[in-house]
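Note that the structure is a prediction, hence the values are computed from the model and not measured. Order of the sequence lines sets the chain letters (A, B, ...), proteins ahead of strands, with each chain counted from 1.
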Amino acid sequence: MTAALIALLLPLFTALCLLLLRSRSGVLVIVTSLLTLLAAAWSLYDVTVNGPQWLELGDWPPPLAIRFQLQPITALLLVFSAMIHLLVAVYAAGSQHSKTRYTDFWPLSCLLQGSLNALWLSGDLFNWYVTLELLGLAAVALVALSGRKAYGPALNYLLLSLGASLVYLLGVALAYGRYGVLDISLLGAMTEADTTTRIAWWLMTLGLMLKAALWPFHLWLPRAHASAPTAVSALLSALVVKGPLFILWRLWSEGAPTELAVEAGPVLAVAGIAALILGGWSALRTPWLKSLVAYSTVAQLGYALMALGLLMYWQLPALDAALWLFVLAHGLAKASMFLAAGELQASLGSKRVSALRGTTETMPVAMFAFAVAGGSLIGLPPSGGFLAKWLLLEPMFETVNHWPWVVGILLGTLISAGYVFRVVALAFDRADPVPPDFSPDRFAHWLALLPALVVWGLALISEPLIHWLTGVPL
Amino acid sequence: MGMTVITPLLYWLSWIFLLLSAGFFIAGTVGMLRFPDIYSRLHAVTKADTLGLGLLVIGLSLRADDLYSVGIMILIWLLVMGSGATACQLLARYGRESEGDTEADDVAS
Amino acid sequence: MIILATVLLLTVLFGLWRVLRGPTAADRLLAIQLFGTTGAAFLLVLAMLVDIRALRDAALVIALLAAVLSAALVQYLRRQEKSN
Amino acid sequence: MSLHEWMLDGTLGLLVLILAVAVLHVRSLYISIVLFIAFGLLLALIWARLGAPDLALAEAAIGAGLTGTLLLAAYGRVSERRRKAEEPLDWHAGPALLLSLIIAVILMRAVWPLPDLDSALVPAVADQMAQSGVGHPVTAVLLSFRAWDTLLELLVLLLAFMAVRQLLPSLPRQPEAWPLLQAWSRLLAPLSVLIGGYLLWRGSADPGGAFQAGALLAAGAILLRLTGLLPALGWHHFWIRALILGGCMVFLAIGVAGYWLGTGFLGYADGWAGPLILLIEVFATLSIATTLTLLVIGETREVRE
Amino acid sequence: MTQVLFYLILGVCLWALGLYGLLRLKESIRRIISVNIMGSGVFMVMVALAARSEDPDPVMHALVVTGLVVAISATAFALRLSVADVQEDDQ
């Protein structure tokens, strides 16, 4: 548990020191991200060896104090967010095109990582509200870094995020009113399905769905992520939208009574399918490269929402692995896709997808990274995306009356293949004459390729991965 | 209420003061509604309410249990008296200064 | 005692009518002064009623705050008049 | 509920609803801001009515005072076009109105059984109060039992300030304040510092505490700055940075020291709880006061190195 | 119809009013005000829940104080963002 605590407190301390010294050096942040990654890896090792652990803050008895909970999934998420942060910090420091070098990006990204780690570890409803607020504010501050054109979408994102937090808070107040306890695991034992609990859980779900940009409430995401700097949109898409999803999963799988979960399952699963289809459809039609990638985030989150919905509907804990593999695979793939897209857009100087004509000639490595990451999003065999989709499909093959879900997944895969190949096919055309100031940043291209290769490598370590996620002994 | 401490005489005396203070508060509000221009309204709010609060403080301190709360109430009254007078002067001056150019703006709403 | 508190609130209610209708900007700022004084009075009555001593500190804070707020707002709005 | 109480609560409820509806539906932006300040002050009265003196203090200082100043500072900087843009919000039409009504009715059904239940945490707090090292239960919860929430909340305040710093605020010219206003603020500011200190000191035994005291100090400092009696405060001064970051740093350091000494993260050794909490509260008050002041009036365009 | 229930319903109405304002209004300062009203609604629900037991529940009061500070920092950021959004002149 000490390792997880170090992984939590290290970014906070760095952020405070960076602010005190008013320094904007990326090296300090890269070193801390590395140390956080090591601490997270140690905590993962620690949790696999001697099982889940609890830490009561201040040694107060359970109903009163806030408890930190270290599960295999939490440790894995700590490692995942530390890895993405390290990658984005190296990109922001190293690449020529990143505009975030001389701004407060460094302390803000450290605070973002600290609040995310606090969210993974905590198990208290109100504590989640404060970490969600911290996450939302940090994300909006990072989006607003890219200057005046980002203020409009950033303000819209902030207001909707505040409204969603208050919807969630009202749910927490009702749940506390009904059961008198704030800790999620204690709640799990006490809840029974009556009107107040149902309304409280649905309020919390609606608030979290808006913050995680899940289907019906996703309209703020494309404008916010497209106008943010490249490093920031990679962070946002890969990490920030996953925080509320984690809370949603804990709420329904641990906190809610079973009949409430079974009743709400199909609704979330259908919303997942709708996200897949509609998100994919707008990704197909949008002329802008970055909003294509942002819409694909909305679509891919549909898979995770569907896995969550089916997990609740059939009360099948094996689907946990599918849900979290989707999150990990999507995070890595989306980070590499956004970095590649950012580089392509910065080098070619145009935001449109049509400008990517012939990039396999001019910038082969960046386009290769984009294609490989796209492959994992579609779910081509050896990648992490395929692994997750396989785990999701497995329970559906048992009985024939699950066919509508299979058709939904099929349609989703078709559309995601559509918007990825739309870009890749364009890249193989004849290249237009290259603009005079064309200076591709080789280092950033290879950096963008790194997570894509990692996501394809997930299949190699799938055995321990599934074991960690489902807790099934090896 | 601290019935044990105060004798019935004090009880009735405090009721008189409380009713008087209610009267002044009502007078302040009626003045605020009926007076023709901003300057007289300012007096209505600041002066009448401050006096109302003063009588209230006297009425309540007759009923108070210990000297500490009486002290706090008197401090509040002094603060409100000072702030009433200054705010009245500031607002009047601000009203005059903004009378020139923003008259049209506010009459419309 | 409760009747007195209710009377105080009613005076505030009617006072608001003037704030809504008042022609000049200074009328609007009256609302803060009105709420400051009557709010402090209400809190003092309530402190006597429910016998919570801390409410007197709250009355002190509200009175102080109304003073600070109206002074600051006059300065802010004056600056707004000055700049355009 | 006796008739008298019913009358009092009914008036309070009516007043707060009228104010809320008026704030949203009055045409001019200026009036809606002033009414919102009145709404904040009225909320303070309602918290007092519901037996929460801490919240009456906090709502008055933070909700009405600082939010009101912030809103009018924003109103002062908004361009003429937006100020005149009357926003006719018609009642009748709008699916949003229907949606909100339906949600309100559903929520009333959810809220109906709640009053006769009670919370398991109240007895838990009562019997843990002895070790919390503080007399007043709310301060005990804020700084001992749920200290992690308070630490994260200080970080939220710091984060909001860092975010605002990115927007390079610029304050229009400052007209010369009237001598009366300067004299008055010379009297009010020390008084607010005095009452802020008083609230902080009483925080351990009675309602009060770091946040209310910090907000009051900020109100005093804002008034001094507005009337030109305080020099421009900027992030490039080291002591400003030390003040703002002091709150979080001290809290984190004490938490980590607690974990290292074996009394659990953010746990205090049994003899030391009282003084440690007071130390945290002092630093938190200074950090909150400076952060809120700079949030409201942070106007220096500090140099970019 | 006890006092607690009255304030619970009042809090829910304020919350719904704030939500309605957030969805309907276009001017950003007004939307920020309606988010604040929504916040006050939730806080009223929480304080009413706290007032159920004889001596009010300190945990709820502490949570509302935390919520208030979070609300003002978010409002300050949103207001500065909405003002900076329209400042064409100085940038």
Side-chain angles (χ1 to χ4, degrees), chain A residues 2 5 9 12-13 15-17 19-22 24 55-61 63-66 68 102-104 107-108 111 114-115 118 122 124 126-127 129-131 133-134 137-138 140-142 144-145 151 170 174 176-182 186 190 194-200 203, chain D residues 103 106-107 109-115 117-125 127-128 131-132 141 144-153 155-156 158-160 162-167 235-236 238 241-242 244-245 248-249 252-253 255-256 258-259 262-268 302 304-305:
Chain A
T2 7
L5 214 54
L9 295 180
L12 298 182
F13 259 121
L16 294 178
C17 299
L19 283 172
L20 197 60
L21 309 171
R22 234 157 73 101
R24 292 214 163 96
L55 172 72
E56 272 89 5
L57 292 185
D59 286 348
W60 302 108
L64 200 54
I66 303 168
F68 279 172
Y102 295 113
T103 60
D104 261 356
L108 281 174
L111 273 175
S115 59
S122 152
D124 180 281
F126 186 79
N127 198 254
Y129 166 73
V130 184
T131 39
E133 203 68 33
L134 205 56
L137 275 178
V140 174
L142 284 166
L145 277 183
Y151 288 168
L170 186 62
L174 292 183
Y176 177 79
R178 174 72 180 75
Y179 296 104
V181 163
L182 279 172
L186 298 180
M190 301 164 72
D194 56 7
T195 49
T196 315
T197 321
R198 175 175 296 113
I199 293 171
L203 274 173
Chain D
I103 291 178
I106 294 172
L107 288 177
R109 238 163 57 78
V111 151
W112 201 263
L114 288 186
L117 304 166
D118 61 354
S119 144
L121 284 186
V122 174
V125 167
D127 58 46
Q128 290 293 330
Q131 296 90 15
S132 75
V141 170
S144 310
F145 304 141
R146 296 185 69 94
W148 179 240
D149 271 352
T150 319
L151 177 57
L152 285 183
E153 179 204 316
L155 279 174
V156 166
L158 174 70
L159 190 63
M162 272 165 51
V164 163
R165 228 166 58 74
Q166 297 306 312
L167 307 179
W235 181 253
H236 43 283
F238 180 78
R241 291 205 301 273
I244 287 179
L245 297 168
C248 301
M249 280 207 175
L252 261 177
V256 168
Y259 187 74
T263 59
F265 181 57
L266 286 179
Y268 312 112
E302 38 103 334
R304 276 241 176 280
E305 72 276 16

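- Looking at A:T2, the atoms closer than 4.5 Å to chain D (heavy atoms on both sides) sit in the backbone and in the side chain alike.
- Contact of the A:L64 side chain with the D:V141 side chain is not registered, since no non-hydrogen atoms from C-beta on lie closer than 4.5 Å.
- Of the listed residues (A:L57, A:T196, A:I66, A:L20), the one with the most heavy-atom contacts under 4.5 Å to chain D is A:L20.
- In terms of heavy-atom proximity, A:I199 sits nearest to D:A110 at CD1-CB, 3.4 Å.
- Proximity to chain A is absent for every atom of D:Y268, based on heavy atoms less than 4.5 angstrom apart.
- Side-chain contact between D:L117 and A:Y179 is absent, with no heavy-atom pair separated by less than 4.5 Å.
- Of the listed residues (A:L145, A:D124, A:L182), the one with the most heavy-atom contacts under 4.5 Å to chain D is A:D124.
- Residues A:P63 and D:L121 share a closest heavy-atom pair of O-CD2, 3.0 Å.
- When all heavy atoms are compared, the tightest approach of A:P61 to D:Q128 is CG-NE2, 3.3 Å.
- Residues D:L155 and A:V130 are not in side-chain contact: their nearest non-hydrogen atoms beyond the backbone lie 4.5 Å or more apart.
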Evaluate the criterion side-chain contact (heavy atoms from CB on, under 4.5 Å) for residue pair D:I244 and A:L19; output intermediate values, then yes/no.
CA-CA 10 Å; D:I244 287 179; A:L19 283 172; over 6 Å; no
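- The shortest side-chain heavy-atom distance between A:T195 and D:I106 does not fall under the 4.5 Å cut-off.
- The choice from A:L142, A:V181, A:L9 that makes the most heavy-atom pairs within less than 4.5 Å of chain D is A:L9.
- D:R146 places a side-chain heavy atom less than 4.5 Å from the side chain of A:F126.
- In this structure, chain A has heavy atoms under 4.5 Å from both the backbone and the side chain of D:A124.
- Most heavy-atom pairs under 4.5 Å with chain D, from the set A:L55, A:L203, A:T197, A:L5: that is A:L5.
- Only the side chain of A:F68 comes within contact range of chain D, with at least one heavy atom under 4.5 Å from a heavy atom of that chain.
- Considering only heavy atoms from C-beta on, D:L158 comes within 4.5 Å of A:L16 through its side chain.
- Taking the salt bridge (charged side-chain N to carboxylate O under 4.0 Å, His left out) definition, one finds that D:R241 meets it with nothing, sequence neighbours left out.
- Looking only at heavy-atom pairs under 4.5 Å with chain D, the residue among A:A138, A:A141, A:P107 that has the most is A:A138.
- Not counting sequence neighbours, the partners of A:T131 by the side-chain contact (heavy atoms from CB on, under 4.5 Å) test are A:A118, A:L119, A:N127, A:W128, D:L152.
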